[in-house]
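All heavy atoms count here, side chains included; hydrogens, waters and symmetry mates do not. By convention in this document, chain letters (A, B, ...) are assigned in the order of the sequence lines, proteins followed by strands, and residues within each chain are numbered from 1. This one's a predicted model, so the numbers in the text were calculated from it and none came from an experiment.
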Amino acid sequence: MALDERLLKPYDPKATEDRIYRQWEASGAFAPRPDAPNGVFSMVLPLPNVTGTLHLGHAAMITIEDILARYARMRGKKTLWLPGTDHAAIATQSKVEEIIYKQEGRTRHDLGREEFLRRVEQFAAASRNIIVKQIRKLGASVDWSREAFTLDEPRSRAVRTAFKRLYDAGLIYRGRRLVNWDPKLQTTVSDDEIEWQTETTPLYYLKYGPFVITTARPETKFGDKYVVVHPTDERYTQFQSGQKLTVEWINGPVTATVVKDEIIDREFGTGAMTITPAHDLADSEIAARHGLDSEQVIDLVGKLLPIAGEFSGQHWKKARPKIMAKLETKGLVEKIEANYEHQIAVNSRGGGIIEPQLLEQWFVAVNKPFDDQGTTLKELMRRPVATDEIKIIPERFTKIYFHWIDNLRDWCISRQIWYGHRIPVWRHEPKCVPIVGREKEIEKCQEIVVGEPLEKCPHCNAKFTPDPDTLDTWFSSGLWTFSTLGWPASPAGGPDQTEDLKTFHPTTVLETGYDILFFWVARMILMSGFLLGQIPFHIVYLHGLVRDAGGRKMSKSKGNTIDPVTMVDKYGADALRLALIIGTSPGNDSKISEDRIRGYKHFANKLWNIGRFILAAVGNETPARPAAIPAADQKLIEQLDDLTREVTVDLEAYRFSLAAEKLYHYVWHTLADKIIEAAKPRLLTDETEQVKWLLYTLFERSLRLLHPFAPFITEELWSLRPRATSSERLITTPWPAT
RNA sequence: GGGCGGUUAGCUCAGUUGGUAGAGCGUUCGCUUGACGUGCGAAAGGUCAUAGGUUCAAGCCCUAUACCGCCCACCA
């Protein structure tokens with residue numbers, strides 16, 4: 001009997017995996033099977049950013065999703081797992097800016113918009129190529145024929161259409177509001193993109209007429225003309241609300257007005273503060289409540305405006321000590337508390353310290369009713385989760401989701417960066433007409449066009465100028481579950497339903513990290529709900545973050561990332577996958593070490609040797625079912641029946657770790673250690689045929705059960721069965737019956 | 001300030017509806033067993049953070065405490 005020569009050697013993932021992947025791809029197994037008998041399974045790959053390459057966290061995510069996809073496929077479902085990448089606007093732009101500055105000492109303004117964008121696109125393309133290779137290496141059974149990019153033409157059309165529909169419904173508006181301004185990247189960012197860092201700074205107690213006020217930012221205080229105290233604070237009962245008094249301030253006397261507001265914490269400092277509504281959200285809300293004026297003090301690059309008098313034109317950082325010196329000379333400094341701890345806002349996308357600014361931007365209104373029932377976008381996001389139409393795993397994130405929605409303010413979607421979708425709005429040249437309050441003129445003359453570009457105004461022939469800003473990257477990724485399925489079928493209204501959309505939307509499950517629950521998951525529910533009247537997915541499965549051995553988040557800047565491809569090269573993709581899945585649980589972070597991956601390489605080796613033994617014992621013919629099966633053998637079959645049921649239930653319940661662990665344990669410690677050992681002597685007796693059948697049956701079943709977890713080695717062993725043909729691939733073999 | 005998660009073997013972590021504790025790595029002893037030394041056989045090692053409670057039965061449920069971590073929040 002001639003054993004396949006591959007079985008003579010130890011298992012070599014390097015010589016096997018790429019070949020198997022090519023076979024899968026060429027066979028069309030990754031595409032949805034048109035005649036699949038048991039319904040539909042669809043899922044999108046959480047589009048990796050083209051800011052770099054994949055790390056082990058991505059690998060864990062891909063593993064979980066591939067398990068889902070392969071299991072669904074084997075269950076006979078029409079299975080679509082759709083891949084793609086995200087242009088990640090601000091993250092990619094700031095990354096490329098950084099590289100160019102480091103290598104050439106030039107800024108994006110030195111290069112100009114066109115050349116800079118060319119560079120970014122180059123970078124994005126290179127990054128995308130690496131990512132695609134990495135995804136393949138991991139064995140991901142994604143349908144490459146449907147690969148998408150958030151910035152390609154079909155997705156751009158979806159963005160323009162979505163913008164127009166939201167605009168026409170009055171849900172996108174232009175407004176002047178206090179926004180998060182990043183002076184370093186020169187753009188606004190949304191509330192969610194802000195990271196709070198603890199900073200230790202002096203706290204200044206300054207004399208403000210009869211009051212002593214506290215501040216951490218004396219350089220913003222030039223325009224302060226309101227002093228706020230708590231209404232019931234007995235220290236200030238002699239001052240009436242609205243009372244005016246003249247106080248000596250930094251650049252001379254100012255008229256101060258007393259305001260009483262319950263937001264004031266009487267215990268803090270002296271219980272009195274002055275407000276800077278133009279550069280502080282809390283202050284601006286106080287100002288809004290009492291109808292107070294607001295004056296800008298700091299400009300968009302961080303320099304003081306003429307209101308600062310002699311300090312005008314200086315950067316606030318440099319001006320602060322000089323201002324303090326002047327206050328000192330004027331005798332206005334009561335005391336300075338040295339180590340005051342407070343939170344400062346930082347742009348988490350590689351940007352600078354946020355300076356709130358009052359700017360005109362585009363917003364999505366989340367609290368504005370848009371239909372007869374008075375539905376708001378907020379409710380649209382809340383309802384499907386509240387009614388369990390969308391189920392979040394693990395469940396505790398449901399509460400976190402609601403809490404976020406309840407605190408949500410209008411979403412600032414315009415960015416002043418260059419890379420990304422242009423805001424699909426065009427205005428008359430040379431005059432850019434402000435929109436708010438001038439809707440009538442717009443109707444008459446089309447001073448503004450939204451959605452698809454228009455060269456000239458059909459009414460007065462004036463040329464149109466595009467809005468200079470770009471969109472928040474999450475605007476386009478929010479459309480992902482349906483923009484990838486051909487939405488919109490036609491930009492000018494028309495039927496929205498493409499065949500793909502009808503078949504695959506809503507998608508079955510969204511598997512992603514809990515860190516983008518708000519950024520992405522919520523936005524998808526919003527977009528899908530408003531534009532399609534559908535939920536985007538039925539289940540949200542949230543995985544934890546993969547951290548390094550020290551528990552730190554992996555990131556390039558910390559230098560603690562592990563390249564998944566390096567691990568695949570060393571231990572094989574199957575081993576890496578098992579290491580990433582076993583011992584993890586949804587929503588909880590995990591730490592990964594190379595030792596763990598090596599351990600599962602040993603398992604792959606074990607499985608390979610089980611295959612060598614059983615296939616060699618079985619020979620060239622598939623063993624026939626014996627007429628009589630000994631009771632002991634029957635028990636072993638039933639034992640595997642039980643395991644099959646358990647593993648199936650675990651997979652249906654998204655308990656991947658448990659399912660994999662049970663299979664691991666069975667294959668090693670039952671099939672190999674007990675069953676094979678017991679079979680060895682029997683093979684030499686007249687029970688040979690019965691034993692061959694038993695071993696082969698258990699082995700064949702084990703391969704099927706293990707395939708979603710360790711696809712490469714199981715597929716390879718499958719192809720080594722007696723009389724195996726190249727068209728009978730394990731990937732498309734039915735899951736064992738339960 | 002509010003909410004959430006964690007605390008299980010030397011290390012890193014699992015533990016599905018409550019029923020005599022598991023994995024990887026590490027440690028000790030013995031094995032050229034013809035699938036595998038990337039292995040086999042055996043072993044050591046856990047009062048499952050602490051204190052109460054519910055239960056025939058608790059790592060798992062309830063209450064409180066301690067420490068670690070995360071998220072959210074308009075204390076200047």
Side-chain angles (χ1 to χ4, degrees), chain A residues 3 7-8 10-11 178 191-192 195-196 203-206 213-217 220-221 224 227-228 261 263-276 280-286 288-289 340-343 356 394 396-397 399-404 406-407 409 514-515 517-518 544-545 547-551 553 571 575 578-579 581-585 587-617 646 649-650 653-655 657-662 664-665 668-669 672-673 676-677 680-681 695:
Chain A
L3 205 56
L7 277 178
L8 299 175
Y11 178 62
L178 200 63
D191 295 343
D192 304 293
E195 211 172 79
W196 293 91
L203 183 66
Y204 307 97
Y205 286 69
L206 306 176
I213 58 113
T214 46
T215 181
R217 298 198 65 191
T220 65
K221 302 271 113 183
D224 289 13
V227 58
V228 191
D261 193 296
I263 193 98
I264 294 295
D265 177 1
R266 273 172 285 191
E267 309 302 314
F268 191 93
T270 59
M273 74 173 199
T274 60
I275 57 167
T276 313
D280 186 284
L281 187 62
D283 291 3
S284 84
E285 284 177 4
I286 295 172
R289 268 200 293 280
Y340 173 63
E341 267 195 5
H342 73 151
Q343 304 280 99
R396 63 185 150 91
F397 284 95
K399 208 170 167 183
I400 298 174
Y401 178 80
F402 288 145
H403 186 253
W404 177 79
D406 294 342
N407 285 298
R409 287 193 299 263
Y514 66 77
D515 53 332
L517 178 64
F518 310 139
L545 273 31
R547 298 173 180 275
D548 71 359
K553 214 166 160 172
Y571 307 107
L578 288 167
I581 204 72
I582 295 178
T584 66
S585 50
N588 289 331
D589 297 350
S590 60
K591 294 179 197 170
I592 186 81
S593 67
E594 232 180 291
D595 276 347
R596 217 150 104 238
I597 305 170
R598 192 186 309 117
Y600 291 104
K601 186 197 161 105
H602 295 175
F603 174 70
N605 177 66
K606 187 73 186 178
L607 181 63
W608 184 252
N609 283 301
I610 290 168
R612 287 170 74 175
F613 180 81
I614 293 180
L615 292 173
E646 274 183 55
V649 168
D650 283 339
Y654 296 87
R655 295 190 294 252
S657 174
L658 268 181
E661 197 177 330
K662 283 173 186 167
Y664 174 98
H665 202 267
W668 199 316
H669 301 298
D673 290 351
I676 288 182
E677 289 308 319
K680 279 175 181 174
L695 291 178

On RNA chain B, compare the nucleotides closest to A/Arg598 and A/Arg396; which residue's is nearer the 5' end? A/Arg396
Nearest-nucleotide pick for A/His602, side chain only, options being B/U12, B/U38, B/G24: B/U38
Mind checking A/Tyr11 for me? I need base, sugar-phosphate or nothing, with any heavy atom below 4.0 Å counting as a touch. nothing
Flag, side chain of A/Asn609 to backbone of A/Asn605, donor-acceptor distance under 3.5 Å: yes
Decide whether a cation-pi geometry holds between A/Lys221 and A/Tyr204; the criteria are a distance under 6.0 Å from NZ or CZ to the six-membered ring centre and an angle within 45° of the ring axis. no
Answer with base, sugar-phosphate or nothing: what part of the nucleic acid does A/Ile676 contact at a heavy-atom distance below 4.0 Å? base
Just say parallel, tilted or perpendicular for the rings of A/Trp608 and A/Tyr11, cut-offs at 30° and 60°. tilted
Using the P atoms only, state how far B/C40 lies from B/U32, rounded to an integer number of Å. 16 Å
Pair assignment for B/U63, Watson-Crick or G-U wobble, requiring both distances under 3.5 Å: B/A51
Between B/G6 and B/A42, how far is it from one C1' atom to the other, in whole Å? 35 Å
Donor-acceptor check, side chain of A/Ser657 to backbone of A/Ser585, threshold 3.5 angstrom: yes or no? no
Rounded to the nearest Å, what distance is computed from the CZ atom of residue A/Arg596 to the P atom of nucleotide B/U12? 12 Å
Can you check whether A/Ile275's main-chain N or O pairs, donor with acceptor, with A/Asp283's side chain at less than 3.5 Å? no
Under 4.0 Å protein heavy-atom contacts per nucleotide of nucleotides 41-46 of chain B, with B for base, S for backbone only and - for none: S-----
Would you check if the side chain of A/Arg596 reaches a backbone N or O of A/Lys591 as a donor-acceptor pair within less than 3.5 Å? yes
d(CH2, A/Trp608; C1', B/G39) in whole Å: 17 Å
note: A/Asp589, atom CG; B/C4, atom C1'; distance rounded to Å ~ 13 Å
Counting any heavy atom closer than 4.0 Å, what does A/Asn588 reach on the DNA or RNA strands: base, sugar-phosphate only, or nothing? sugar-phosphate
So, for A/His403 and A/Tyr401, is the gap between ring centers shorter than 6.0 Å? no
Once you round to the nearest 0.5 Å, how far does CZ of A/Phe603 lie from CD1 of A/Ile582? 7.5 Å
Out of B/C36, B/U16, B/G5, which has the shortest distance to the side chain of A/Arg612? B/C36
Examine the base of B/A35 for any acceptor or donor lying under 3.5 Å from a partner atom in the side chain of A/Lys680, and report the outcome as yes or no. yes
note: A/Leu578, atom CG; B/C25, atom P; distance rounded to Å ~ 13 Å
For B/C11, what is the paired nucleotide under Watson-Crick or G-U wobble rules, both distances under 3.5 Å? B/G24
Could you check whether any side-chain heavy atom of A/Trp668 comes within less than 4.5 Å of a side-chain heavy atom of A/His602, counting everything from C-beta outward? yes
Distance, P atom - from B/G41 to B/U33, rounded to whole angstrom: 14 Å
Establish, yes or no, whether a centroid distance under 6.0 Å links the rings of A/Tyr664 and A/Tyr600. yes
Do nucleotides 70-76 of chain B as a string where each nucleotide becomes B, S or -: B if the base has a protein heavy atom under 4.0 Å, S if just the sugar-phosphate does, - if no protein is that close. --S-BBB
Distance, rounded to the nearest Å, where A/Ile582 contributes CD1 and B/C25 contributes C1': 14 Å
Given the structure, check if the side chain of A/Lys606 and the base of B/C36 hold any donor-acceptor pair shorter than 3.5 Å. yes
Roughly how many Å is it from CG in A/Leu615 to P in B/C36, rounded to a whole number? 14 Å
Would you measure the distance from the P atom in B/G46 across to the matching atom in B/A9 and give it in whole Å? 10 Å
Please name the nucleotide paired to B/C36 by Watson-Crick or G-U wobble geometry with both distances under 3.5 Å, or report none. none
Under 4.0 angstrom, heavy atoms only, what part of the nucleic acid is A/Asp595 near: base, sugar-phosphate, or nothing? sugar-phosphate
Between A/Trp668 and A/Lys662, which residue's closest nucleotide on RNA chain B lies nearer the 5′ terminus? A/Lys662
With a non-hydrogen cut-off below 4.0 angstrom, is A/Ala672 in contact with a base, only sugar-phosphate, or nothing? base
Given the P atoms of B/G45 and B/A64, what is the spacing between them in whole Å? 37 Å
If you measure from the C1' atom in B/U16 to the same atom in B/C61, how many Å do you get, rounded? 16 Å
When rounded to the nearest Å, what value does the distance between C1' atoms of B/A14 and B/G59 take? 12 Å
Calculate the interatomic distance between A/Asp650 atom CG and B/A14 atom C1'; express it in whole Å. 13 Å
A/Tyr664 side chain N/O closer than 4.0 Å to the phosphate oxygens (OP1, OP2) of B/A14? no
Verify, without hydrogens or angle tests, whether A/Arg266 (side chain) and A/Gly271 (backbone) share a donor-acceptor contact under 3.5 angstrom. no
Could you check which nucleotide pairs with B/C70 in any of the strands shown, counting Watson-Crick or G-U wobble with both distances under 3.5 Å? B/G3
Have a look at A/Phe603 and say if it touches a base, only the backbone sugar-phosphate, or nothing, with a 4.0 Å heavy-atom cut-off. nothing
Hey, does the side chain of A/Lys591 come within less than 4.0 Å of B/C13's phosphate (OP1/OP2), counting only N and O? yes
Are any side-chain N or O atoms of A/Asn588 and backbone N or O atoms of A/Gly544, one a donor and one an acceptor, separated by less than 3.5 Å? no
How far does the C1' atom of B/A66 sit from the matching atom of B/G22, given to the nearest Å? 28 Å
Which of B/G24, B/A35, B/G5 is nearest the side chain of A/Ile610? It is B/A35
B/C36 P sits how many Å from A/Lys601 NZ, rounded? 17 Å
Can you tell me if A/Gln343 has over 12 outside heavy atoms packed within less than 6.0 Å of its CD? yes
Using Watson-Crick or G-U wobble geometry with both distances under 3.5 Å, which nucleotide pairs with B/G41? B/C29
